[in-house]
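Remarks on the structure that follows.
The chain is numbered in sequence order, starting from 1. Just so it is clear, the values below take in all heavy atoms, side chains as well, and ignore hydrogens, waters and symmetry mates.
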Amino acid sequence: MHEVNELLDVDDPAWPLLLQELSGADIPVEVLPGDAETGRASLLQLQVSARSYLGGIVLNCGGLVVDSGWLRIFGSPPDTNAQGLLGLAEVNAMPSTFDPAWRPAAGLVVAHDVLGGVFALNGGNPREAGRPGEPGEILYFAPDALAWEALGAGHSAWLSWILSGGLQEFYGGLRWAGWRTEVSALTGRQGLSFFPPLWSAEGRQDLLATSRRAVPMGELLGLSRDSCLQFDDADPGFLGVA
């Protein structure tokens with residue numbers, strides 16, 4: 001177990017390197033102001049150092065709003081953040097004071113997208129949690145498939161892939177003409193609910209023809225869980241507090 005100063009005082013912190021990547025990103029990314037006290041507490045609870053991209057984000061910013069708000073990567077925002085973006089600690093229901101026994105149940109939720117998709121960092125025993133992939137690998141809960149998918153990369157590689165434009169291909173069939181205008185109007189705590197739903201054949205056939213409305217992200221995640229239980233009797237597990 002490391003003390004917070006051990007996690008902070010590293011020779012090669014990731015944040016300067018990450019700032020370079022952010023400045024050259026192929027997509028628009030807004031870096032939100034963070035809360036230093038929350039960042040230090042989260043770093044200690046997660047037991048990750050400032051030399052990791054995860055530690056760099058948690059320690060130095062309130063989160064990343066990517067591609068006009070399509071993707072929200074969680075950091076440590078102040079309570080009064082204007083974007084209304086959730087913090088990593090809040091999303092993962094981390095204890096209010098350091099608890100050495102606490103671990104993310106199945107994995108650490110690091111981002112939500114506007115569709116209700118969830119990016120999570122696999123825990124130490126994915127098989128026991130009923131999830132694919134290897135420990136430390138990024139997974140995606142796909143709202144159009146109602147299932148977890150292993151992405152074959154750790155957190156730092158995943159983030160670099162996003163900043164180099166990986167989202168365009170990843171979401172190729174899930175974007176519609178005018179999506180950016182709709183998405184940019186949402187708050188950081190909202191997503192888009194589709195009817196017919198994304199997992200239906202009708203919904204995938206013509207996204208522009210679907211009915212879309214802004215809903216609280218918690219409602220969107222709850223709908224996904226209910227659909228999983230209804231169709232496959234399979235609980236997707238923790239998708240984050242929203």
Determine, stepwise, if the pair I57 / L159 fulfils side-chain contact (heavy atoms from CB on, under 4.5 Å).
CA-CA 11 Å; I57 290 174; L159 188 54; 3.5 Å; yes
Can you find a heavy atom in the side chain of L44 that is under 4.5 Å from one in the side chain of H2?
no
To the nearest 0.5 Å, what is the distance between NE2 on H155 and CG on L54?
4.5 Å
Heavy-atom side-chain proximity of V29 to E21 below 4.5 angstrom
no
E30 and L64: CA distance, side-chain angles, deciding distance, side-chain contact (heavy atoms from CB on, under 4.5 Å) verdict:
CA-CA 6 Å; E30 182 181 0; L64 305 177; over 6 Å; no
Just verifying a value: how many Å separate E90 CD and S96 OG, rounded to the nearest 0.5 Å?
13.0 Å
Got V110 and I138 here, is their nearest side-chain heavy-atom distance under 4.5 Å?
yes
Using every non-hydrogen atom in the two residues, find where P132 and A150 come nearest and quote the distance to one decimal.
CG-N, 4.1 Å
Tell me whether I27 shares a hydrophobic cluster with I73, the cluster being built from Ile, Leu, Val, Met, Phe, Trp, Tyr side chains joined at under 4.5 Å.
yes
Student check: side-chain heavy atoms of L22 and L163 closer than 4.5 Å
yes
How about R175: does its CZ atom have over 12 heavy atoms from other parts shown lying under 6.0 Å from it?
yes
Would you mind reporting whether H112 and F74 have side-chain heavy atoms less than 4.5 Å apart?
yes
Heavy-atom closest pair (W102 atom, N92 atom, distance to 0.1 Å) is CZ2-O, 3.5 Å
Can you name the residues that form a side-chain contact (heavy atoms from CB on, under 4.5 Å) with V215, not counting sequence neighbours?
S193, R213, E219, L220
Could you tell me the separation between the SG atom of C228 and the CG atom of L223, rounded to the nearest 0.5 Å?
11.0 Å
Honestly curious: do M217 and W199 fall in one hydrophobic cluster under the side-chain, below-4.5 Å linking rule?
yes
For Y53, the ring pair (Phe, Tyr, Trp, His ring centres under 6.0 Å) test, sequence neighbours excluded, returns none
Tell me, do L151 and L139 make a side-chain contact under 4.5 Å, heavy atoms counted?
no
Transitive ILVMFWY side-chain link M94 to V241, under 4.5 Å
yes
Can you hop from L229 to L221 via hydrophobic side chains spaced under 4.5 Å?
no
To check you understand the geometry: which heavy-atom pair defines the closest contact between R225 and G237, and what is its length?
NH2-O, 2.5 Å
Within the distance-only criterion (no hydrogens, no angle test), does the side chain of S52 pair as donor or acceptor with the backbone N or O of S49 below 3.5 angstrom?
yes
Would F195 and L198 show up in the same hydrophobic cluster when neighbours are defined by side-chain heavy atoms closer than 4.5 Å?
no
Is the shortest side-chain heavy-atom distance between R189 and L86 below 4.5 Å?
yes
Walk me through whether R72 and V114 qualify under side-chain contact (heavy atoms from CB on, under 4.5 Å).
CA-CA 8 Å; R72 300 87 177 256; V114 73; 4.2 Å; yes
State, yes or no, whether a side-chain contact exists between L32 and C61 at a heavy-atom distance under 4.5 Å.
no
To the nearest 0.5 Å, tell me how far R212 CZ sits from W179 CH2.
12.5 Å
Between Y140 and F119, how do the two ring planes meet: parallel, tilted or perpendicular, split at 30° and 60°?
tilted
Tell me whether R103 contacts the main-chain N or O of P100 through its side chain, where contact means a donor paired with an acceptor under 3.5 Å.
yes
Got more than 12 heavy atoms from elsewhere within 6.0 Å of CD, E6?
yes
Are W176 and F194 close enough that their ring centres sit under 6.0 Å apart?
yes
What are the two closest heavy atoms between F141 and P236, and how far apart are they?
CE1-CB, 3.6 Å
One should read off an interatomic distance between R40 CZ and F98 CZ, to the nearest 0.5 angstrom, of 13.5 Å
Quick one: closest heavy-atom pair of P196 and E202, and the distance?
CG-CB, 3.8 Å
Regarding D113 and Y171, is there a side-chain donor-to-acceptor distance under 3.5 Å anywhere?
yes
What distance do S68 atom OG and E182 atom CD have between them, rounded to the nearest 0.5 Å?
12.5 Å
S76 side chain vs L59 backbone, donor-acceptor pair below 3.5 Å
no
Stepwise salt bridge (charged side-chain N to carboxylate O under 4.0 Å, His left out) check, E134 with R127:
CA-CA 9 Å; E134 300 301 321; R127 302 294 178 272; 3.5 Å; yes
Walk me through whether Q190 and V183 qualify under side-chain contact (heavy atoms from CB on, under 4.5 Å).
CA-CA 9 Å; Q190 291 179 316; V183 169; over 6 Å; no
With distance as the sole test, does D67 use its side chain to make a donor-acceptor pair with the main-chain N or O of W70 at under 3.5 Å?
no
Donor-acceptor pairs are to be reported for all side-chain atoms of residues 7-19 against protein atoms at under 3.5 Å, with residues two or more places apart or in another chain.
residue, atom, partner, partner atom, Å
D12, OD1, R51, NE, 3.1

Minimum heavy-atom distance F231-L146, with the two atoms named
CD1-CD1, 4.2 Å
